[in-house]
Amino acid sequence: MTATSDLQEFITGLPKAELHVHIEGTLEPELKFELAQRNGVPLEHGSAEEVRASYDFDSLPSFLAVYYDSMRVLVTADDFHDLAMAYLRKAASQGVRYAEIFFDPQAHTSRGVPFATIIGGLRRALVEGRRDLGIRGELILCFLRDFTAEHAMSTLMEALPYRDWILGVGLDSDEQGNPPVKFTEVFARARAEGFLLTMHCDVDQDDTHEHIRQVLEDIGVDRIDHGTNAFERPDLVEALKARGIGLTACPISNGWISEGLKEREILGLLEAGVKVSVNSDDPAYFGGYVGDNYARLAEVAGLDREQLTRLARNSFEIAWLPDRQREHYLAELDAYAAT
Ligand code: ADE
Ligand code: ZN
């Protein structure tokens, strides 16, 4: 079943914020080939179609292995710039007005790419995106949770000269055996340096409820990435509401990392009053940008315009925006929903 063309059009035009997208996860096979050629990096597959056909993930680790391997083609500041520009064009075409974009510096610095190269290329794209496409973008630095806390701390120190270009810090990669509290000190220091905080609590991971508890109580995050397993625990739902902590759900990604879109959890949280938003995660790998995620969720869960508008409203309400800017986007959303 597909969303009716009317609903599809409504979703595309719906002003929205994207708060959970890994820039490295937007590397489409065509661009991967272009960058590989530019940098003389040999690839295993012969065509973009072959690469796409090889994607067969059924867990977070099986996805991450392919995700990290692909990054070998990202070498120069121009590569990071071109990657981010391609994402911004695609996002703008699906109604994204504002994006908070994750990047994984340790996945690149550990291969010898300097921090300045990564952030320099990304930042240049954000400036151009704002100027030429009318989409505003900000960066969130993600630490890799399967690296040591010491490595995360030294990455935080490396990031400090660029603090004006980084809104906050996050935590991603393989969750198994890498609980939030492994990074308590790093996140306390990041907070003291003025960064906002988020962390992944990926769907259906071991100890997920304890991880959600830790990010709320021990780390004191400002937002949670995924975290939709909270729906299974009334105490966690209450804690999210009491603290006003939003979630960044990624329906299409959920089907690859676990099973199904988790529409029951996402809708249940929405109706319970938790500020849950819809996002794409790694769209080049999971086959769907943010508008596609709204559309798939609408198809599977039978969402109407009012519910879709509420999800988009949540995306601006839990975005790390200055109040004036938030009001501007919400007014645009209200005007759109009223027509
Ligand atoms: N890194 C990139 N995508 C991720 C995801 N969905 N979960 C954890 N780490 C990631
Ligand atoms: Zn993610």
Side-chain angles (χ1 to χ4, degrees), residues 17-28 32 55-72 74 80 83-84 87 91 99-111 118 122 139-147 151-152 155 168-180 182-183 197-208 211-212 215 221 223-229 246-262 265-266 276-290 292-293 315 318:
E18 172 144 66
L19 307 176
H20 186 156
V21 57
H22 301 261
I23 199 62
E24 296 88 349
T26 70
L27 178 61
E28 293 286 351
K32 181 177 172 180
Y55 293 165
D56 184 24
F57 324 114
D58 59 359
S59 66
L60 184 52
S62 68
F63 157 67
L64 291 170
V66 176
Y67 168 80
Y68 290 123
D69 182 69
S70 300
M71 291 183 200
R72 292 179 294 118
L74 293 165
F80 287 93
L83 176 68
Y87 164 70
E100 293 176 3
I101 303 168
F102 296 132
F103 71 116
D104 283 341
Q106 291 163 289
H108 312 300
T109 54
S110 61
R111 301 182 286 116
I118 308 160
L122 294 176
L139 294 173
I140 298 176
L141 184 165
C142 268
F143 301 112
L144 302 186
R145 66 198 309 159
D146 42 358
F147 281 32
H151 202 288
T155 300
V169 298
L171 186 70
D172 64 2
S173 204
D174 193 356
E175 194 162 329
Q176 171 97 43
N178 297 300
K182 174 176 168 185
F183 297 92
L197 311 182
T198 185
M199 282 184 165
H200 276 56
C201 290
D202 262 280
V203 289
D204 296 344
Q205 299 297 296
D206 289 354
D207 303 321
T208 186
H211 288 189
I212 296 169
V215 301
V221 291
R223 204 159 68 204
I224 302 177
D225 298 312
H226 301 291
T228 46
N229 287 93
L247 304 182
T248 62
C250 306
I252 295 177
S253 160
N254 293 341
W256 291 88
I257 297 304
S258 184
E259 269 178 79
L261 302 189
K262 303 297 177 194
E265 289 80 352
I266 296 170
V276 59
S277 63
V278 170
N279 307 270
S280 70
D281 210 359
D282 300 285
Y285 293 89
F286 302 142
Y289 286 79
V290 69
D292 307 315
N293 274 269
S315 73
I318 67 172

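Whatever order the structure lists them in is the order used to number ligands and atoms, beginning at 1. Small disclaimer: the values here were computed from a predicted structure and weren't measured.
Contacts between L60 and ligand 1 below 4.0 angstrom, taking non-hydrogen atoms only, involve the side chain exclusively. At a 4.0 Å heavy-atom cut-off, ligand 1 touches D172 through backbone and side chain alike. The proximity of L64 to ligand 1, defined as any non-hydrogen pair under 4.0 Å, is limited to the side chain. The proximity of F63 to ligand 1, defined as any non-hydrogen pair under 4.0 Å, is limited to the side chain.
In this structure, a donor-acceptor pair under 3.5 Å is present between the side chains of E24 and H108. If you check the side chains of N229 and E265, you find no donor sitting under 3.5 Å from an acceptor.
Residues satisfying the side chain to side chain donor-acceptor pair (under 3.5 Å) test with Q106, not counting sequence neighbours, are H151. Legend: residues meeting side chain to side chain donor-acceptor pair (under 3.5 Å) with S253, ordered by chain and number and at least two apart, are D281. R111 meets the salt bridge (charged side-chain N to carboxylate O under 4.0 Å, His left out) test with no other residue; sequence neighbours excluded.
Residue contacts with ligand 1: S253 is placed with no nitrogen or oxygen under 3.5 Å of a nitrogen or oxygen of the ligand (distance criterion only). Taking only nitrogen or oxygen atoms, main chain and side chain alike, D281 reaches within less than 3.5 Å of ligand 1.
Classification of the H20-F102 ring pair by plane angle, with boundaries at 30° and 60°, yields perpendicular.
Residue Y67 approaches ligand 1 through these ligand atoms, each under 4.0 Å from one of its heavy atoms: 1 (N), 2 (C).
Around the Zn ion (ligand 2), protein N, O or S atoms at less than 2.8 Å comprise H20 NE2, H22 NE2, H200 NE2, D281 OD1.
Not less than 6.0 angstrom separates the ring centroid of H226 from the ring centroid of H211. With ring centers used as reference points, F183 lies 6.0 Å or more from F143. Annotation: Y285 is not in aromatic contact with H22 [ring centroid separation under 6.0 Å not met].
Considering D282, D202, D146 only, the shortest heavy-atom separation from atom 3 (N) of ligand 1 involves D282. Compare E24, E175, H22, Q205 by their heavy atoms: the one nearest to atom 4 (C) of ligand 1 is in H22.
At least one heavy atom of S173 sits less than 4.0 Å from an atom of ligand 1.
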* Decide side chain to side chain donor-acceptor pair (under 3.5 Å) for K32 and S70; before the verdict, give the C-alpha distance in whole Å, the side-chain angles of both, and the deciding distance to 0.1 Å. => CA-CA 7 Å; K32 181 177 172 180; S70 300; 3.1 Å; yes
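N279 places a side-chain N or O within 3.5 Å of a backbone atom of L19 that can act as its donor or acceptor partner.
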